[in-house]
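Being a predicted model, the structure only gives us computed values, none of them experimental. Computed over heavy atoms, backbone and side chain alike; hydrogens, waters and symmetry mates excluded.
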Amino acid sequence: MTATWAALVGQDRAVESLRRAATRPGHAYLIAGPRGAGTADAARAFAAALLAPDGDDRTTSLVARHLHPDVIEYEPERTVITVDQARDEIIPEAWRSPIESDRKVLILLEAERLQPEAANALLKTFEEPPERTVIVLVSDAPDELLDTVRSRCQRIDLGALDEATIERALIETGVEASEAALAARLSGGQLGRARDLVGDSRALRDAFVDAASHLDGSGASAAQAAEAMLDAVHEAIATIKTCHTDELAAFDAEAARAGYDNRDLRRLRRRIEERHPARERLARRKAISEGIAALESLYRDALAGPESKLRNVDREPLVIDARAGVRALDACRHARDALEFNPNEGLLLERLALHLPGSDRTPPG
């Protein structure tokens with residue numbers, strides 16, 4: 001997570017638009033781009049620029065760490081942003097005065113998950129928020145937002161990057177060339193995903209791909225694969241819980257230094273604590289989604305043919321017939337769709353593994 005413009009590699013047009021907007025902000029913005037393009041990073045950088053036009057390091061750091069009292073992020077409760085969340089949390093917060101700064105910024109992550117009733121409840125706030133409040137919607141599926149919401153926001157789009165740009169950006173941060181090449185190939189043009197793939201998501205990707213590569217068509221191997229994938233998901237989100245503990249400790253230290261009013265202190269701390277379960281749910285859903293994406297890339301490589309450019313350049317492609325590959329991709333799509341209904345994760349992965357084909361030639365593991 002970051003709140004600096006420098007992290008938005010290759011997004012010069014969007015950065016310039018947001019920089020200009022920060023000098024004379026409107027009331028509501030929609031930052032759109034494919035998952036992993038850096039839309040949340042862009043929203044935080046914009047928020048930091050709104051609060052501290054001079055680039056104050058403390059403000060930038062607090063925004064990046066979710067600790068600034070005047071930048072409030074909202075995630076969906078379970079799978080949607082509900083009308084109760086809109087009425088009971090978002091609207092009242094928009095009308096509260098800033099604590100430290102001249103402005104307040106509300107960031108709605110995964111804004112496409114606004115329930116229609118929630119979106120309608122927020123329309124007036126989007127159109128005419130309090131003078132010192134700026135609302136930023138972040139979405140990787142902006143077309144799923146109601147027209148009435150989109151029309152009330154100034155839209156900033158982030159785009160996909162070419163592999164060479166992503167690879168170069170990773171190498172400049174110290175990533176080994178071979179690792180950077182693999183992450184760039186798998187990222188789908190999204191630098192954020194590539195960064196994850198050389199960090200916390202790499203073990204997750206490897207676990208899902210390894211599990212699928214060792215399937216032999218039996219129920220026993222499917223059960224083992226599902227267990228391995230679920231273990232990888234649990235490991236992927238374990239760091240989130242540690243980060244939450246650290247976040248509360250950092251907030252307490254910062255609040256003591258800043259001398260927050262006791263009433264503000266209790267409210268802000270409670271807000272952080274209440275956000276943690278939603279963040280953990282979001283992290284689990286993202287981890288499973290990324291694991292499924294890894295499987296999809298594996299089966300696309302198997303279907304692509306010997307002359308095609310592989311995505312998983314560190315693996316030999318699976319040897320399966322075309323119909324089995326298509327069925328595997330269908331199973332991945334059904335599993336992804338099932339995520340929207342907040343399913344039992346273990347059962348979802350077990351069902352997925354049962355519908356994935358075995359390979360005639362299992363790569364060495």
Side-chain angles (χ1 to χ4, degrees), residues 1-3 18 21-22 25-31 39-52 56 58-77 80-114 118-119 121-126 128-139 149 152-153 240 243-244 247-248 250-252 254-255 258 260-261 263-283:
M1 71 189 71
T2 184
L18 289 169
H27 49 78
Y29 293 84
L30 169 59
I31 300 179
T39 49
D41 289 341
R44 295 181 187 114
F46 183 43
L50 287 167
L51 269 54
D56 172 67
R58 174 179 175 274
T59 297
T60 300
S61 174
L62 290 177
V63 172
R65 292 184 291 144
H66 307 290
L67 295 177
H68 201 290
D70 298 324
V71 178
I72 300 92
E73 297 185 16
Y74 292 97
E75 296 98 349
E77 289 184 345
V80 296
I81 299 176
T82 65
V83 65
D84 288 342
Q85 191 177 2
R87 289 174 175 162
D88 298 342
E89 299 178 33
I90 300 173
I91 294 173
E93 190 62 57
W95 286 90
R96 288 193 179 98
S97 297
I99 292 175
E100 287 194 14
S101 309
D102 293 332
R103 291 193 180 101
K104 166 177 283 192
V105 183
L106 271 57
I107 299 175
L108 275 62
L109 301 170
E110 296 195 71
E112 72 278 1
R113 295 180 180 275
L114 277 164
L122 289 166
L123 286 180
K124 184 171 178 58
T125 306
F126 292 151
E128 297 178 359
E131 184 177 353
R132 294 195 289 178
T133 297
V134 177
I135 299 174
V136 182
L137 280 66
V138 176
S139 177
V149 171
R152 285 164 169 80
C153 300
I240 297 291
C243 287
H244 289 167
E247 183 180 76
L248 281 172
F251 170 78
D252 290 339
E254 183 60 36
Y260 293 160
D261 175 86
R263 184 168 60 180
D264 287 335
L265 174 62
R266 288 192 297 270
R267 178 172 59 82
L268 293 170
R269 198 177 201 282
R270 184 172 63 250
R271 186 176 74 200
I272 292 173
E273 291 173 331
E274 289 174 349
R275 284 189 64 212
H276 286 172
R279 277 203 219 150
E280 289 178 18
R281 287 192 294 269
L282 181 64

Hey, could you give me the [atom1]/[atom2] distance between [X] and [Y], rounded to the nearest 0.5 Å?
X	Y	atom1	atom2	result
I135	Y74	CD1	OH	9.5 Å
L106	F126	CG	CZ	9.5 Å
T59	E100	OG1	CD	7.0 Å
L50	T133	CG	OG1	11.0 Å
I31	I107	CD1	CD1	7.5 Å
L122	I81	CG	CD1	8.5 Å

Taking the side chain as every heavy atom from C-beta outward, state whether [X] and [Y] have any pair of such atoms under 4.5 Å apart.
X	Y	answer
S101	H68	yes
E280	H244	yes
R267	R263	no
L108	V136	no
I99	K104	no

Open item on the list: For the backbone of L248 and the side chain of E273, can you confirm whether one donor and one acceptor N or O come within less than 3.5 Å of each other?
Closed with: no
- [ ] Please answer whether the main-chain N or O of P98 pairs with a side-chain N or O of D70 as donor and acceptor at a distance below 3.5 Å.
- [x] no
Open item on the list: I'd like to know if R275 and E247 make a salt bridge, using a cut-off of under 4.0 Å between side-chain N and carboxylate O.
Closed with: no
Open item on the list: Checking E93 against R96 for the salt bridge (charged side-chain N to carboxylate O under 4.0 Å, His left out) test, could you report, in this order, the C-alpha distance in whole Å, the side-chain angles of both residues, the deciding distance, and whether it holds?
Closed with: CA-CA 5 Å; E93 190 62 57; R96 288 193 179 98; 2.9 Å; yes
- [ ] Compare every heavy atom of P92 with every heavy atom of R87, then report the nearest pair and how far apart it is.
- [x] O-CD, 3.1 Å
Task: Closest non-hydrogen atom pair between A118 and L114, with its separation - done: CB-CD2, 4.1 Å
TODO: State whether the number of non-hydrogen atoms from other residues, nucleotides or ligands found under 6.0 Å of D102 atom CG is greater than 12.
DONE: no
- [ ] Kindly determine whether E73 and R44 satisfy salt bridge (charged side-chain N to carboxylate O under 4.0 Å, His left out), including the steps that lead there.
- [x] CA-CA 9 Å; E73 297 185 16; R44 295 181 187 114; 2.7 Å; yes
- [ ] Taking atom types as modelled, find out whether E254 and Y260 have a side-chain donor-acceptor pair closer than 3.5 angstrom.
- [x] no
